[in-house]
There are 2 protein chains.
Amino acid sequence: MPRPHTFPSADHDHRHCLDEILTAAERLCRQRRARLTPRRRRVLEIVAESHAAIGAYDIIDRLAADGGRPAPITVYRALDFLMSQGLVHRLASLNAYVSCPQAGAEHGAQFLICHDCGAIGELADPGVEARIAEAAAHVGFEVAMPLVEIAGTCAECRRAAT
Amino acid sequence: MPRPHTFPSADHDHRHCLDEILTAAERLCRQRRARLTPRRRRVLEIVAESHAAIGAYDIIDRLAADGGRPAPITVYRALDFLMSQGLVHRLASLNAYVSCPQAGAEHGAQFLICHDCGAIGELADPGVEARIAEAAAHVGFEVAMPLVEIAGTCAECRRAAT
DNA sequence: GTTGACATGTTATACTGTAACAGAATATCT
DNA sequence: AGATATTCTGTTACAGTATAACATGTCAAC
Ligand SMILES: [Zn+2]
Ligand SMILES: [Zn+2]
Ligand SMILES: [Zn+2]
Ligand SMILES: [Zn+2]
């Protein structure tokens with residue numbers, strides 16, 4: 001069961017957090033017989049380095065620092081794989097990618113985007129989806145994939161602003 | 001007051017519909033002392049030619065057919081103006097633009113995107129926004145701009161599919 | 001070990017959107 | 001009306017995001 005609301009706290013131990021994300025990814029891919037190759041693992045590691053979203057070309061820059069700049073398609077292919085496994089999400093409003101804090105758990109995608117610190121949270125609120133489906137049904141529309149990306153200010157940044 | 005849910009019916013008289021959109025735009029811009037220049041009016045006309053979304057470069061192609069292909073920036077500037085007046089919306093999930101069926105009425109933007117026929121509807125459901133704001137508040141997040149783009153199947157296309 | 005499926009490399013290209021500056025049109029004020 | 005300020009448009013160049021097509025390499029199963 002996904003927790004209904006998550007937002008990364010500013011003071012959490014992200015070393016540990018990152019380690020958990022990678023470990024969970026390895027476990028999930030082993031279970032599914034999906035191949036988390038070194039390249040894909042490295043891309044996930046880069047995306048998960050922070051809870052902010054990162055653009056594909058910034059990922060390329062990070063990989064270039066490892067030695068040998070890969071072509072864009074290489075990174076997009078890795079991202080496609082990671083998204084197909086639910087390990088990474090794409091944020092259409094930012095053209096950027098973020099690691100999923102609840103990889104493996106089936107969940108709709110409702111993102112909270114702090115425009116101050118860049119951190120990304122996820123809501124998995126059944127109520128939101130239900131309300132959307134209900135409103136859509138009033139015009140006979142059947143929802144397939146709701147996309148919800150909410151820009152605003154996170155708790156930390158609101159505290160900092162006062 | 002905006003109607004809470006709208007979706008363009010497949011059989012409506014779109015000649016008339018388009019005419020209303022343009023007339024309303026002229027009235028609104030006159031009231032606001034905003035300058036709906038021929039260029040901008042023509043771009044709105046092209047965007048409103050159907051209730052599907054259209055890409056910026058497709059708009060350029062349509063303008064080129066009028067004679068004299070404008071530079072991309074020209075169209076983006078017209079779109080920026082039209083969006084600032086609430087006459088056109090941008091759909092981040094499609095990188096495309098759609099005319100607003102309720103221009104002038106203040107309303108949040110929740111879009112219904114039929115992936116079969118391409119038609120775009122709008123919800124202006126206060127319940128959806130409220131539910132989102134409430135869920136966000138649970139993690140201390142303050143919503144500034146919720147973006148909701150819902151892919152699915154419209155009533156017409158569901159009927160046609162059976 | 002061969003086969004077949006999947007993953008990566010290489011090159012080129014398509015699509016989407018902006019920066020910077022010059023010139024034209026429109027509004028405003030005397 | 002004429003000078004001035006503002007806004008709009010044109011022109012050129014470029015930045016940022018994503019994919020096509022085809023060759024090569026790698027891995028697992030048979
Ligand atoms: Zn973390
Ligand atoms: Zn923040
Ligand atoms: Zn219409
Ligand atoms: Zn449809």
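Chain A is the first sequence line, chain B the second, and so forth, proteins listed ahead of strands; every chain is numbered from 1.
What separates CG of B/L82 from P of D/dC8 is a distance of 12 Å, to the nearest Å. To the nearest angstrom, P of C/dG17 lies 11 Å from CG of B/L91. Look at CG on A/L36: it is 10 Å from P on C/dT8, rounded to the nearest Å. Distance A/R32 CZ to C/dC6 P: 17 Å, rounded to the nearest Å. Rounded to a whole Å, the CG atom of A/L79 is 15 Å from the C1' atom of C/dA7. Atom CD1 of B/I60 and atom P of C/dT18 are 13 Å apart (whole Å). Atom pair A/R33:CZ and C/dA7:P shows a separation of 15 Å (rounding to whole Å applied).
At a threshold of 4.5 Å between non-hydrogen side-chain atoms, the residues A/R35 and A/R40 count as touching.
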At under 4.0 Å between heavy atoms, how does the protein contact nucleotides 11-30 of chain D? Give one character per nucleotide, 5' to 3', with B, S or -.
BB----BBB-------S---

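Ring planes of A/H12 and A/H51: tilted class, angle from 30 to 60°. Using cut-offs of 30° and 60° for the angle between ring planes, the A/Y76 and A/Y57 rings count as perpendicular.
For the atom pair CD (A/E129) and CZ (B/R131), the distance works out to 11.5 Å, reported to the nearest 0.5 Å.
Within a 6.0 Å radius of CE in B/M145, other residues, nucleotides and ligands contribute 12 heavy atoms or fewer.
When hydrophobic residues (I, L, V, M, F, W, Y) are linked wherever their side-chain heavy atoms come within less than 4.5 Å, the members clustered with B/V98 are B/L91, B/L94, B/F111, B/I113, B/I120.
Applying the side chain to side chain contact (heavy atoms under 4.5 Å, CB included) rule to B/L22 yields the partners B/L18, B/R41, B/L44, B/E45; only residues at least two apart in sequence or on another chain are considered. Scanning for side chain to side chain contact (heavy atoms under 4.5 Å, CB included) contacts around B/R39 gives B/T37, B/L63, B/P70, B/T74, with sequence neighbours left out.
Between the axis at the start and the axis at the end of the helix from C/dG1-D/dC30 to C/dT30-D/dA1 there is an angle of 30°, using five pairs per end and rounding to 10 degrees.
The stretch residues 151-162 of chain A participates, sequence neighbours left out, in no side-chain hydrogen bond (donor to acceptor under 3.5 Å, both in side chains) pair at all.
Between B/T37 and D/dT9 there is a side-chain polar atom (N or O) within less than 4.0 angstrom of OP1 or OP2.
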